[in-house]
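In this chain, numbering begins with 1 at the start of the sequence shown.
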Amino acid sequence: MTWIFEGKEVNHLSDLPPESYGFVYIITEIPTGRKYIGQKRLWSGKTKKKRKETNWKRYFGSSRKLQEEIEIRGESSYSREIVFVCTNKAEMNFLELKEQMDNDVLFTDEYYNEYIGARITSRGLGRLKDTLNV
């Protein structure tokens, strides 16, 4: 099961922009359309010398409910789409929270999300300020 970004399969880090830190994603249960919005880092470790690739290729979210459904239905019943590629943690936190809020994930059964929240500093949002025209 691969990730899709801008209509293309993503199987390797080289399929993403070189400055990528992580991404915001939507996992969709194909038969029902029920979704989960989350984020995933591509790297673990605080410094470039000590960092290593995470399990992003096999990742299916942190929602316990979603994990249980995947066990029952199988991975092939779900699609995984990368909606934003981020260059730092602040961008990831902001864009995940914005996507969750824009879709009212806590007010509908159309989403697996049960909680949302993030700590975000303005320091890491410089690139987004220009992109979002804020």
- Note on the structure: In this structure, CG of L97 is separated from CD of Q39 (nearest 0.5 Å) by 10.0 Å
- How many angstroms lie between CG in D15 and CZ in F5, if you round to the nearest 0.5 Å? 11.0 Å
- Message: Applying side chain to side chain donor-acceptor pair (under 3.5 Å) as the test, list every pair that has at least one member in residues 77-87; sequence neighbours left out.
- Response: T87-E91
- Task: Flag yes if more than 12 heavy atoms outside D102 fall under 6.0 Å of its CG atom; otherwise flag no.
- Result: yes
- Is I30 reachable from V83 through a run of hydrophobic residues whose side-chain heavy atoms are each under 4.5 Å from the next? no
- Looking at F60 and Q67, what are the two nearest heavy atoms and their distance? O-NE2, 2.8 Å
- Item | Where L95 and C86 come nearest, the two heavy atoms and their spacing | CD1-SG, 3.9 Å
- Query: Side chains of W43 and L13: closer than 4.5 Å at any heavy-atom pair?
  - Reply: yes
- According to a 4.5 Å side-chain heavy-atom criterion applied to Ile, Leu, Val, Met, Phe, Trp and Tyr, with indirect links allowed, do F23 and I4 form part of one hydrophobic cluster? no
- Task: Kindly indicate whether the side chain of K40, heavy atoms from C-beta on, has any atom under 4.5 Å from the side chain of M92.
- Result: no
- Message: Test your reading of the model: is there a side-chain donor-acceptor pair from T2 to the backbone of E9, 3.5 Å cut-off?
- Response: no
- Query: Just wondering, more than 12 heavy atoms not from E19 lying within 6.0 Å of its CD?
  - Reply: yes
- Query: Once you round to the nearest 0.5 Å, how far does NZ of K35 lie from CD of Q100?
  - Reply: 13.5 Å
- Scanning both residues in full, the closest heavy-atom pair of I26 with E99 reads CD1-OE2, 4.0 Å
- Sorted by first residue and then second, give each side chain to side chain donor-acceptor pair (under 3.5 Å) pair with at least one member in residues 21-32; sequence neighbours left out. E29-T32, E29-R73, E29-Y112
- Message: Assess whether a salt bridge exists between K65 and E114, defined as any Lys/Arg side-chain N lying under 4.0 Å from an Asp/Glu carboxylate O.
- Response: yes
- Query: Under the 3.5 angstrom rule, does the side chain of N103 hit a backbone N or O of V105 as a donor-acceptor pair?
  - Reply: no
- Task: Give the minimum heavy-atom separation between P17 and V85, together with the two atoms involved.
- Result: CD-CG1, 4.0 Å
- Query: Considering residues, nucleotides and ligands other than K89, do more than 12 of their heavy atoms fall under 6.0 Å from its NZ?
  - Reply: yes
- Residues I37 and N113: closest non-hydrogen pair is O-ND2, 2.8 Å
- Residues in ring pair (Phe, Tyr, Trp, His ring centres under 6.0 Å) contact with Y36, at least two apart in sequence or another chain: none
- Note on the structure: The reported gap from OG in S20 to CH2 in W56 (rounded to nearest 0.5 angstrom) is 9.5 Å
- Query: Aromatic ring centroids of Y59 and W3 under 6.0 Å?
  - Reply: no
- Message: To the closest 0.5 Å, what do you measure between CD1 (I116) and CG (N93)?
- Response: 12.0 Å
- Message: Testing the basics here: between I27 and G61, what is the closest heavy-atom pair and its distance to 0.1 Å?
- Response: CD1-N, 3.9 Å
- Given side chains that start at C-beta, do those of V10 and L16 come closer than 4.5 Å, heavy atoms only? yes
- Query: In Å and rounded to the nearest 0.5 Å, what is the NZ to CG distance from K57 to L42?
  - Reply: 10.5 Å
